[in-house]
There are 2 protein chains.
Amino acid sequence: MVDVKSVANPLFLREEELRQAIEMLFFAYRDFTGGPDEMLAEIGLGRAHHRVIYFVGRNPGITVSELLKILRITKQSLSRVLSHLVEEEFIIQTPGERDRRQRLLTLTQKGVELERRLTADQRERIADAFRKAGADAVQGFKLVLHGIIDAPDRERFDVSGGPTHAPVARVGNKIAGDKMPGTKIAGIKR
Amino acid sequence: MVDVKSVANPLFLREEELRQAIEMLFFAYRDFTGGPDEMLAEIGLGRAHHRVIYFVGRNPGITVSELLKILRITKQSLSRVLSHLVEEEFIIQTPGERDRRQRLLTLTQKGVELERRLTADQRERIADAFRKAGADAVQGFKLVLHGIIDAPDRERFDVSGGPTHAPVARVGNKIAGDKMPGTKIAGIKR
DNA sequence: TTTTTACGTCAACCATGTTGACTTACTTTC
DNA sequence: GAAAGTAAGTCAACATGGTTGACGTAAAAA
């Protein structure tokens, strides 16, 4: 039989569609973090360490306060994981050149290796999903995620639709102004 | 100038694209849970309570063990939040008819109201993102998320591309067999 | 009747978040 | 050059929500 609701009541469909998205986000995130969590547990680290390692790896020389803005946690909370990572030599701190109050954070070789192992798992999961879904779906995926992210962080991402069907070398089209001089943040590298 | 890397080294682009997706997932989930978290804090509840309320609301009469499978936490952990929710009369437990060992979970009116308030925030965020991105992007979004989710839970979702351009009344096309007789789980309602 | 299952409970522990108060070193401003 | 502001760290106390392990009760299944 025909599903009456979807024909007679578009509002139900909308509600249903949105709930589906909410749930998929829940399940996807749960499974997305599952792999790394297991690896981390084996070496006595947690998800919080992963996040720090990830964003330091992504933004070498990042300052503590920049990292705090990304993670949206308190410095006391960060301190716990960060000092552990420094003790265990996954991360080194070097005083800033221009401002010597800053402690610039960088991964050590050991840190880089761990980061690779952790991210490899997630990258593979995403890559599989991308492959199955196809290039257009990937573009849609990014567009929607982009819209879900709060405005201040949204501009970290260029989602303007890279080379899918007709690869075009986009020349010097500024997408987001650098808010933090001297430091490129999460994913905007041009 | 043209970005040399994306032209000369497609592997770099791929790596870059995957990392971008990883980060967007992080930011999106962080912001996606932010709204409800604030509301919950005001009434002395946490994200864990939200998840329970959500999935009970979605699956009225769900058993404890089914809920545990969805949440992937221990029963001791669930017990803490669940018994609180029962005490505060957001949820009622009724013995199963066929199997009287079971405690079937249902939202009270108070529970339904809270669920609405919490989910409204998330639904609005998703709806905005969907509106901005367009129908095709939404379909891509779902397809990719679907691929990210582990196989066992994947079949909770019908992602076959509903009515976007040409609405078709799909007639009795079985998408996933019921694994749990008598109980419809998260998003599969036909 | 025995065994298995669904659910609950007590206890201890851990990871990771919070607030609040205070310190140190360095930079900026007047 | 002194005062104010800022980057980072620290100590302490607490909350939330996960974990393991052991044990109990009632009902269903073998």
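The figures that follow rest on heavy atoms only: side chains count, while hydrogens, waters and symmetry mates do not. Every chain is numbered from 1, with letters handed out A, B, ... down the list of sequences. Source: prediction; values computed, not measured.
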Exercise. Any salt bridge (Lys or Arg N to Asp or Glu O under 4.0 Å) involving residues 100-112 of chain B? Give me the pairs, sequence neighbours left out, ordered by first then second residue.
Key: B:Asp99-B:Arg101
Self-check item: Length of the CG-P vector between A:Leu68 and D:dG9, whole Å
Solution: 9 Å
Quiz item: Over how many whole Å does the gap from A:His50 atom NE2 to C:dA15 atom P extend?
Solution: 18 Å
Quiz item: Can a salt bridge be assigned to the pair A:Arg125 and B:Asp150 using a cut-off of 4.0 Å between side-chain N and carboxylate O?
Solution: yes
All N/O pairs under 3.5 Å across the protein-nucleotides 13-18 of chain D interface:
unit_1	atom_1	unit_2	atom_2	d
D:dG17	OP1	B:Arg47	N	2.8
D:dG17	OP1	B:Ala48	N	3.3
D:dG18	OP1	B:Arg51	NH2	2.4
D:dG18	N7	B:Arg80	NH2	2.2
D:dG18	O6	B:Arg80	NH1	3.0
D:dG18	O6	B:Arg80	NH2	3.3

Quiz item: Whole-Å distance between C:dT18 P and B:Leu40 CG?
Solution: 16 Å
Quiz item: How long is the line joining CG of A:Leu71 and P of C:dG17, in whole Å?
Solution: 8 Å
Quiz item: How long is the gap from CG on A:Leu114 to CD1 on A:Ile43, to the nearest 0.5 Å?
Solution: 4.5 Å
Exercise. To the nearest Å, give me how far apart CG (A:Asp37) and C1' (C:dC14) are.
Key: 14 Å
Quiz item: When the distance from CD of A:Glu38 to P of C:dA15 is rounded to whole Å, what number comes out?
Solution: 17 Å
Quiz item: Between B:Glu87 and B:Arg80, is there a side-chain N and carboxylate O pair less than 4.0 Å apart?
Solution: no
Between the protein and nucleotides 24-30 of chain D, which nitrogen or oxygen pairs come in under 3.5 angstrom?
unit_1	atom_1	unit_2	atom_2	d
D:dA28	OP1	B:Arg100	N	3.2

Quiz item: Rounded to whole angstrom units, what separation is found between the CD atom of A:Gln102 and the P atom of D:dA8?
Solution: 5 Å
Self-check item: Under 4.0 angstrom between B:Ser79 side-chain N/O and C:dG8 OP1 or OP2
Solution: no
Exercise. Check whether the side chain of B:Gln93 and the base of C:dG8 form a donor-acceptor pair under 3.5 Å.
Key: no
Quiz item: Can you tell me how far CG of B:Asp31 sits from CD of B:Gln122, rounded to the nearest 0.5 angstrom?
Solution: 11.5 Å
Exercise. Flag the pair A:Phe32 / B:Tyr29 as yes when their ring centroid distance falls below 6.0 Å, and as no otherwise.
Key: no
Quiz item: Considering the options A:Val56, A:Val52, A:Leu85, which one meets the side chain to side chain contact (heavy atoms under 4.5 Å, CB included) requirement together with A:Leu105?
Solution: A:Val56
Practice problem: To the nearest 0.5 Å, tell me how far A:Arg123 CZ sits from A:Asp128 CG. | Solution: 12.5 Å
Exercise. May I have the step-by-step check of salt bridge (Lys or Arg N to Asp or Glu O under 4.0 Å) for B:Arg19 and A:Glu115, ending in yes or no?
Key: CA-CA 12 Å; B:Arg19 283 195 179 263; A:Glu115 197 281 331; 3.0 Å; yes
Exercise. Could you check how far CD1 of A:Ile62 sits from C1' of D:dA8, rounded to whole Å?
Key: 14 Å
